[in-house]
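Please read the structure below before turning to the comments.
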Amino acid sequence: MLEAHVLKKSVIALAIAAILGLSGGALVGCGGGSGSSSSNTENSSSSAENKTNSSSDDVSLKDIESEMTEAYMGITDTDEGFYYAGNADGSLAIVMALNNNGESVSFVGPAESQGNMIRVTDVVTNNTLTFSVEPQADGTLLLDMGDAGAALVAECKPSEVIAVMEQIDTYATALA
């Protein structure tokens, strides 16, 4: 029994290391996304919005992957993995951060934009994450979250980011 527990912990540690490895590689290895670079706040009764209002048991990340039109991943100034995926009308965005201890924080809900500021409001907790988007000369984006820090991200294919998010959802310990 103890061997199985140790083996499980080792597998989880390797999975988290692989996820973090993908994050660092995002700045040089993403395949590119759809070219969309902003979110807005148009109201929509899209299936993505309806899915955010349903039980998490009913909808998986894979189910909504086709609705994501923009995606980014990278690393924060504290070496955490940072992941963002959103749909075209801003009715659904997913933000996840993963630290080196295998703990994650996520926000799932609408993304509102005003100028270079984006605010994602979690539909379950009503917590918000607000950040400014600052394009960098090398094509990456700096997401400045104020006191919460900053992340340097690169555009990726939504399928790449959703695949990492699925691994985080499966293996990480969710803090929020």
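All values reported here derive from a predicted model rather than from experimental measurement.
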CA sep, side-chain torsions, deciding dist, call: Ser106, Met96, side chain to side chain contact (heavy atoms under 4.5 Å, CB included)
CA-CA 4 Å; Ser106 64; Met96 287 186 168; 3.7 Å; yes
Audit row: Thr140, Val153, side chain to side chain contact (heavy atoms under 4.5 Å, CB included) steps and yes/no:
CA-CA 6 Å; Thr140 59; Val153 298; over 6 Å; no
Between Thr128 and Phe107, does a side chain to side chain contact (heavy atoms under 4.5 Å, CB included) hold up when you go through it step by step?
CA-CA 7 Å; Thr128 62; Phe107 296 82; 5.7 Å; no
Evaluate the side chain to side chain contact (heavy atoms under 4.5 Å, CB included) criterion for residues Thr121 and Asn127: first the C-alpha distance (whole Å), next the side-chain angles of each, then the deciding distance (0.1 Å), finally the verdict.
CA-CA 6 Å; Thr121 303; Asn127 291 333; over 6 Å; no
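Nearest heavy-atom pair, Glu65 versus Ser159, reported as atom, atom and distance to 0.1 Å: OE2-CB, 3.0 Å. Closest approach of Ala85 to Val161, counting heavy atoms only: CB-CG1, 4.4 Å. Closest heavy-atom contact between Ala71 and Pro158: CB-CA, 3.5 Å.
No side-chain donor-acceptor contact under 3.5 Å links Ser113 to the backbone of Met117. A donor-acceptor pair is defined here as one N or O able to donate and one able to accept, closer than 3.5 Å; no such pair exists between the side chain of Asp77 and the backbone of Gly149. At least one donor-acceptor pair closer than 3.5 Å links the side chain of Thr170 to the backbone N or O of Glu166. For the pair Glu160 (side chain) and Lys157 (backbone), a donor-acceptor distance under 3.5 Å is present.
Contact annotation: the side chain of Met145 never approaches that of Thr130 to less than 4.5 Å [non-hydrogen atoms, C-beta and beyond]. Inter-residue side-chain proximity for Val133 and Ile118 is flagged as met; some heavy-atom pair is nearer than 4.5 Å. Within the 4.5 Å cutoff, side-chain heavy atoms of Val108 are placed close to those of Leu92. Side-chain contact between Met165 and Ile94: present, with at least one pair of heavy atoms (C-beta onward) separated by less than 4.5 Å. Using a 4.5 Å cut-off on side-chain heavy atoms (C-beta onward), Leu142 and Pro135 make no contact.
In this structure, Ile168 CD1 and Glu103 CD are separated by 13.0 Å, a value rounded to the nearest 0.5 Å. The line from CG of Asp144 to CG of Leu152 is 12.0 Å long, rounded to the nearest 0.5 Å. Between atom CD1 of residue Ile162 and atom SG of residue Cys156 there is a gap of 11.5 Å, rounded to the nearest 0.5 Å. Going from atom CG of Leu141 over to atom CZ of Phe131 covers 9.5 Å, rounded to the nearest 0.5 Å. The CD atom of Glu80 lies 10.5 Å from the OG atom of Ser104; values are rounded to the nearest 0.5 Å.
In this structure, Val95 is a member of the same hydrophobic cluster as Leu175, with clusters built from ILVMFWY side-chain heavy atoms closer than 4.5 Å.
Here salt bridge (charged side-chain N to carboxylate O under 4.0 Å, His left out) pairs that include residues 116-135, with residues two or more places apart or in two chains, are Glu112-Arg119.
Taking the six-membered ring for Trp and thresholds of 30 and 60 degrees, Tyr72 and Tyr84 have ring planes inclined between 30 and 60 degrees apart.
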